[in-house]
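Just so we're clear, the structure is a prediction, and the values are computed from it rather than from any experiment. By convention here, the first residue in the shown sequence is residue 1.
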Amino acid sequence: MTSMETLSPNMALAQDLDWWRGAVIYQIYPRSYQDSNGDGIGDLGGIISRLEYIASLGVDAIWISPFFTSPMLDFGYDVSDYKDVDPMFGTLSDFDALVAKAHKLGIKVLIDLVLSHSSDQHPWFAESRANKTNAKSDWYVWADAKPDGSPPNNWLSIFGGPAWQWDGERMQYYLHNFLKEQPDLNLHNAEVQDALLDVTRFWLERGVDGFRLDTINFYFHDQDLRNNPALAPEDRNSTIAPAVNPYNWQEHLYDKNRPENLDFLRRFRSLLNEFPGAMAVGEVGDAQRGMEIQAEYSSGGDKVQMCYSFEFLSGERPSAEFLGDVLTRFEATAPDGWACWAFSNHDVERYPTRWGLSEAANRAYVAAMMSMRGSVCLYQGEELGLSEADVDFDDLQDPYGIRFWPKFKGRDGCRTPMVWQSDNGNGGFTDAKPWLPVAAEHLNKSVAAQEQDDDSLLSFYRRMLAFRAAQPALVKGNFALIPGADGVLSFLRCYGDARVVCIFNLTDEPKEVALPAGNWTICTDAPFPAPDGQLIGPWGAVFAKEEA
């Protein structure tokens with residue numbers, strides 16, 4: 001097996017203030033990573049105990065999903081105290097210990113900031129709803145009913161139904177783009193912006209290296225509360241709401257994606273700039289204008305450094321041609337922007353199930369993502385090849401799945417606990433009953449089982465990450481698509497004098513290898529067998545290097 005030392009993060013990258021450009025980020029869903037206190041729920045202590053494993057992967061950073069004080073109706077995305085840790089996850093001292101140990105291991109720490117909305121249990125909302133004249137009366141989005149008592153407009157919630165909830169305290173409606181217990185903050189109010197930037201500073205001063213900004217394009221609403229227009233059925237291709245949800249039936253012009261957001265993001269970036277090396281990646285959830293918004297938010301060097309892309313989170317397996325089209329469109333749309341690519345996260349079905357991949361196909365797609373221009377987000381368990389778990393209705397926790405069952409089973413299937421061992425029913429995650437059941441089919445893919453096999457998917461991930469880190473062109477280089485055979489994705493990455501050609505056969509048949517003119521040497525340290533003459537095998541990959 002490869003030693004831990006040879007798999008440590010790229011230290012040159014770690015010293016780079018632009019370390020995020022080309023970084024590989026490992027997403028941790030803390031409830032499901034490791035339980036350290038025997039209550040069946042993962043926690044910060046559990047993450048600390050597994051940091052050596054994360055370092056052994058060769059990733060550059062971790063992104064930890066919310067751990068703030070919360071009623072947990074949306075599992076931490078409903079925040080009731082932005083400056084504290086929920087007791088189920090630990091304490092601020094635990095968080096400080098986590099940051100210190102991660103940094104010692106060369107791992108950056110990103111946390112998930114939820115700035116578009118809070119919990120209805122937040123003291124800000126309790127004060128705001130009390131009456132129309134208090135100091136925080138305008139901190140949330142309030143509006144009068146129509147004369148007939150109906151909501152102010154036709155805006156819809158992602159979790160189903162109207163985006164407006166009647167409040168008998170204020171005798172007004174308030175806006176909620178998600179659960180009714182998640183009221184939207186009014187960022188048109190400068191005091192709200194100041195309060196959220198104060199939260200950001202609090203965590204920067206505790207040593208975090210950056211943020212994943214949840215629902216970054218939802219921060220502002222149209223102050224005139226104009227109705228959204230209908231969306232043509234053929235354009236209903238959202239990845240953030242299931243097909244059974246009428247949220248997809250609107251073109252969301254007025255409840256999100258507002259131009260006022262750009263000035264707030266500039267304020268946010270100015271704060272980040274006070275902490276050298278601090279960065280932010282914004283989650284842009286929009287099926288129609290996603291790439292355009294990514295370009296707006298990550299261009300110019302004065303907003304967020306990069307945006308989290310949804311292009312590869314859809315249900316249809318991306319062909320080589322689709323991948324090439326997305327990459328070239330991003331280059332054209334955001335020439336000075338930066339993407340963060342992902343195949344899975346805590347909100348979508350795990351991609352091996354979603355795309356119906358064999359392990360060989362999985363390896364080819366992973367290698368392709370690791371070679372694209374941009375940064376990469378890996379979701380815990382991807383490195384093990386975990387499939388989507390089938391969670392019984394009686395075990396469901398996700399309000400989204402409970403609402404739309406059985407046509408949409410929610411997000412619990414991708415949130416089941418990490419499997420560390422194969423020899424017990426809880427996979428080494430906990431000694432208690434886990435908050436979600438461990439999928440039986442995951443046990444034979446545990447970390448312990450795969451670490452005994454040099455040809456396992458986990459070993460492949462480690463080798464691919466090590467290969468990527470050793471190639472500056474793959475980390476930070478530019479990009480040019482190379483025309484190839486049907487089903488073959490080919491492109492050139494260049495950085496200084498280094499040039500690397502990347503070729504991926506995303507089919508189950510052999511294909512011809514087509515290298516550009518030049519003196520190319522096949523990279524034998526890549527985790528794929530060498531091509532057979534001029535042929536690349538099914539689900540194979542070829543990397544070739546030329547030094548100018």
So W249 and L156, side-chain contact (heavy atoms from CB on, under 4.5 Å) or not? Walk me through it. CA-CA 10 Å; W249 298 9; L156 297 173; 5.7 Å; no
Ring center gap for Y351 and F343 short of 6.0 angstrom: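 For Y351 and F343, the ring centres are under 6.0 Å apart.
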Is the distance between the ring centroids of F504 and F528 under 6.0 Å?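 Ring-ring flag for F504/F528: false, centres at least 6.0 Å apart.
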Does [X] use its side chain to pair, donor to acceptor, with the backbone of [Y] at less than 3.5 Å?
X: Q450; Y: K445; answer: yes
X: S375; Y: G22; answer: yes
X: R411; Y: G401; answer: no
X: S70; Y: M72; answer: yes

From [X] atom [atom1] to [Y] atom [atom2], the distance as rounded to the nearest 0.5 Å:
X: I54; Y: L105; atom1: CD1; atom2: CG; result: 9.5 Å
X: F543; Y: S371; atom1: CZ; atom2: OG; result: 3.5 Å
X: D395; Y: Q397; atom1: CG; atom2: CD; result: 7.5 Å
X: F178; Y: S157; atom1: CZ; atom2: OG; result: 7.5 Å
X: R350; Y: S344; atom1: CZ; atom2: OG; result: 6.5 Å
X: M306; Y: W341; atom1: CE; atom2: CH2; result: 12.0 Å

Side-chain heavy-atom pair [X], [Y] within 4.5 angstrom cut-off:
X: D486; Y: T507; result: no
X: Q471; Y: Y495; result: no
X: M279; Y: D209; result: no
X: V366; Y: F460; result: yes
X: Q305; Y: V281; result: no
X: D39; Y: D35; result: yes
X: F322; Y: F312; result: yes
X: F159; Y: D74; result: yes

For Y29 and N345: C-alpha separation, side-chain torsions, deciding distance, then whether side-chain hydrogen bond (donor to acceptor under 3.5 Å, both in side chains) applies. CA-CA 9 Å; Y29 194 69; N345 63 26; over 6 Å; no
How close do [X] and [Y] get, counting heavy atoms only, and between which atoms?
X: D347; Y: E283; answer: OD2-OE2, 4.4 Å
X: A364; Y: L506; answer: CB-CD2, 3.8 Å
X: D412; Y: D398; answer: OD2-N, 2.9 Å
X: T416; Y: V391; answer: CG2-CG2, 4.0 Å
X: V500; Y: A473; answer: CG2-CB, 4.0 Å

Pair F429-W420, ring pair (Phe, Tyr, Trp, His ring centres under 6.0 Å): steps then yes or no: CA-CA 7 Å; F429 166 71; W420 300 100; 9.1 Å; no
Are any of the side-chain nitrogens in [X] or [Y] under 4.0 Å away from the carboxylate oxygens of its partner?
X: K409; Y: D390; value: yes
X: E331; Y: R373; value: yes
X: E52; Y: K101; value: yes
X: D60; Y: K108; value: no
X: R289; Y: E296; value: yes

Taking CD in E509 as the centre, count heavy atoms belonging to other residues, nucleotides or ligands within less than 6.0 Å. Is the count above 12?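 Open.
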Tell me whether the count of non-hydrogen atoms from other residues, nucleotides or ligands lying under 6.0 Å of CG in N424 goes above 12.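 Count over threshold, so yes.
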Does R31 count as lying over the ring of W435, i.e. NZ or CZ under 6.0 Å from the six-ring centre, within 45 degrees of the axis?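 Because its charged atom sits under 6.0 Å from the ring centre and within 45° of the axis, R31 does stack over W435.
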Hey, mind stepping through I522 and V501 against side-chain contact (heavy atoms from CB on, under 4.5 Å) and telling me if it holds? CA-CA 9 Å; I522 300 297; V501 166; over 6 Å; no
Kindly indicate, with the supporting measurements, whether the criterion salt bridge (Lys or Arg N to Asp or Glu O under 4.0 Å) is fulfilled by E546 and R499. CA-CA 5 Å; E546 180 184 60; R499 303 207 307 158; 2.5 Å; yes
Is it the case that the side chains of [Y] and [X] hold a donor-acceptor pair, with the cut-off being a distance below 3.5 Å and no angle test?
X: D43; Y: S36; result: yes
X: W539; Y: S358; result: no
X: T353; Y: S387; result: no
X: N217; Y: D286; result: no
X: Q34; Y: Y53; result: no

Does the ring pair (Phe, Tyr, Trp, His ring centres under 6.0 Å) test come out yes or no for Y379 and Y26, once each step is laid out? CA-CA 6 Å; Y379 178 51; Y26 184 81; 8.6 Å; no
Apply the test ring pair (Phe, Tyr, Trp, His ring centres under 6.0 Å) to residues Y365 and W355: give CA-CA distance (whole Å), side-chain angles for both, the deciding distance (0.1 Å), then the verdict. CA-CA 11 Å; Y365 274 99; W355 295 344; 5.5 Å; yes
Please lay out, stage by stage, how K511 and Q534 fare under the test side-chain contact (heavy atoms from CB on, under 4.5 Å). CA-CA 8 Å; K511 296 285 183 175; Q534 295 301 308; over 6 Å; no
Worked check of salt bridge (Lys or Arg N to Asp or Glu O under 4.0 Å) between E451 and R462: CA-CA 11 Å; E451 287 193 323; R462 286 171 165 156; 2.8 Å; yes
What's the verdict on side-chain contact (heavy atoms from CB on, under 4.5 Å) for L474 and F467, showing C-alpha distance, side-chain angles and the deciding distance? CA-CA 9 Å; L474 296 187; F467 175 72; 3.8 Å; yes
Q27 and its side-chain hydrogen bond (donor to acceptor under 3.5 Å, both in side chains) partner, picked from H346, E382, Q380, R212: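 That would be H346; it is the only one of H346, E382, Q380, R212 passing the side-chain hydrogen bond (donor to acceptor under 3.5 Å, both in side chains) with Q27.
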Report the C-alpha separation of F218 and H117 in whole Å, then their side-chain angles, then the decisive distance to 0.1 Å, and conclude whether the ring pair (Phe, Tyr, Trp, His ring centres under 6.0 Å) test is met. CA-CA 9 Å; F218 285 74; H117 54 269; 8.4 Å; no
Just do the salt bridge (Lys or Arg N to Asp or Glu O under 4.0 Å) check on R21 and D336 with the steps written out, would you? CA-CA 12 Å; R21 193 182 295 273; D336 66 338; over 6 Å; no
